[in-house]
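Quick notes on the structure that follows.
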Amino acid sequence: MDIVEIENQIKNASDRNIKSSKRQLKALSLMLHENEKILYLTSTSRALGPILPIIILCTNYRVLIMQKGLAYGNDIKQIALDKINTIDYHLSALYGTFQIIDGAGKETKIKDVPKKEVVKLVKTIQKAMNTYNNSNTQSNNGINDLKQLKALAEQGIITQKEFEAKKKQILGL
């Protein structure tokens, strides 16, 4: 995906003007797939000493957490939507904390995200997880249907022509 497209997606996916460095944009251009869309993007609000703000983004496939290095590099953590077991959040007066626990029980915790944005981020991740899981379930059901139809065709219960027609219907061709 090119950098201009990523910049446009970032503008549309954020509630505030979050600036990404050229290094972060380049890293995203190498990481994001052509059909991957940034659904929501936020960042920690304050830099604490040598710790720079962390950018958190949710796509239709995963959650990416990027921390810009002081001198060079980005520390990037990826969590696939289908690997997230639990996502929780806690709100204080101005800021919030959210945590993701993946299938291996590994915890990722991010603090100091603006209060309103924590809630929206968590809801976006939950919605993306549901959409992702539903699309995979439908895909798996279609594959299972094709296997059953193929078996019926091989047993002579349905004709090859009927199998081909149903196959096209299932695949949306």
Side-chain angles (χ1 to χ4, degrees), residues 1-48 51-70 72-142 172:
M1 185 177 301
D2 70 8
I3 291 175
V4 173
E5 173 64 21
I6 291 170
E7 287 178 317
N8 287 334
Q9 285 191 31
I10 287 172
K11 284 178 192 170
N12 294 328
S14 179
D15 290 337
R16 57 189 162 104
N17 189 15
I18 296 174
K19 296 289 184 189
S20 299
S21 70
K22 288 185 182 191
R23 194 174 334 137
Q24 288 169 321
L25 290 171
K26 184 163 175 67
L28 283 172
S29 74
L30 297 172
M31 293 177 67
L32 296 177
H33 307 291
E34 284 301 317
N35 57 348
E36 192 166 14
K37 302 289 181 225
I38 299 171
L39 304 175
Y40 192 70
L41 180 132
T42 188
S43 71
T44 55
S45 286
R46 27 186 190 177
L48 302 171
I51 299 171
L52 297 172
I54 298 169
I55 292 176
I56 306 110
L57 60 103
C58 176
T59 76
N60 51 332
Y61 294 114
R62 56 192 162 167
V63 175
L64 294 166
I65 301 166
M66 301 177 71
Q67 184 167 1
K68 182 179 167 186
L70 276 177
Y72 58 90
N74 293 303
D75 181 20
I76 301 170
K77 178 168 183 137
Q78 304 177 57
I79 307 167
L81 292 174
D82 63 340
K83 302 295 183 211
I84 297 174
N85 278 357
T86 308
I87 181 164
D88 294 315
Y89 66 94
H90 173 74
L91 302 174
S92 61
L94 298 174
Y95 299 101
T97 299
F98 79 94
Q99 82 176 19
I100 295 173
I101 300 174
D102 66 19
K106 192 172 182 180
E107 181 182 307
T108 302
K109 191 178 224 177
I110 305 293
K111 299 178 180 181
D112 298 322
V113 178
K115 186 176 181 177
K116 288 188 320 188
E117 294 177 19
V118 168
V119 174
K120 189 168 181 180
L121 174 67
V122 169
K123 286 181 179 180
T124 301
I125 293 170
Q126 290 170 334
K127 184 177 178 182
M129 287 168 57
N130 289 335
T131 302
Y132 183 84
N133 290 334
N134 288 341
S135 68
N136 281 349
T137 300
Q138 289 170 354
S139 176
N140 288 340
N141 288 343

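Please read all numbers here as calculations on a predicted model, not as lab measurements.
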Nearest heavy-atom contact between Met1 and Ser29 is O-CB, 3.2 Å

Kindly compute the distance separating OH (Tyr132) from CD1 (Ile125), expressed to the nearest 0.5 Å.
15.0 Å

Hey, is the main chain of Ala128 close enough, under 3.5 Å, to the side chain of Thr131 for a donor-acceptor pair?
no

Can you give the donor-acceptor pairs under 3.5 Å from side chains of residues 3-10 to other protein atoms, not counting sequence neighbours?
residue, atom, partner, partner atom, Å
Glu5, OE2, Gln9, NE2, 2.9
Asn8, ND2, Val4, O, 3.4
Gln9, OE1, Ile38, N, 2.6

Flag the pair Val63 / Thr108 as yes when at least one side-chain heavy-atom distance between them is below 4.5 Å, and no otherwise.
no

Has Lys77 got more than 12 heavy atoms of other residues, nucleotides or ligands less than 6.0 Å from its NZ?
yes

Please determine whether a side-chain nitrogen of the Lys or Arg among Asp15 and Lys120 lies less than 4.0 Å from a carboxylate oxygen of the Asp or Glu.
yes

CD1 (Ile54) and OG (Ser43) are apart, to the nearest 0.5 Å, by 9.5 Å

Which atoms form the tightest heavy-atom contact between Glu36 and Arg62, and what is the distance?
OE2-NE, 2.8 Å

Do Ile84 and Met129 have side-chain heavy atoms sitting under 4.5 Å apart?
yes

Going by heavy atoms in the side chains, are Leu39 and Lys127 under 4.5 Å from each other?
no

Without placing hydrogens or testing angles, list every side-chain donor-acceptor pair under 3.5 Å for residues 96-105, not counting sequence neighbours.
residue, atom, partner, partner atom, Å
Asp102, OD1, Ala104, N, 3.0
Asp102, OD1, Gly105, N, 3.1
Asp102, OD1, Lys106, N, 2.9

Walk me through whether Ile76 and Met66 qualify under side-chain contact (heavy atoms from CB on, under 4.5 Å).
CA-CA 5 Å; Ile76 301 170; Met66 301 177 71; 3.9 Å; yes

More than 12 non-hydrogen atoms from neighbouring residues, nucleotides or ligands closer than 6.0 Å to NZ on Lys37, yes or no?
yes

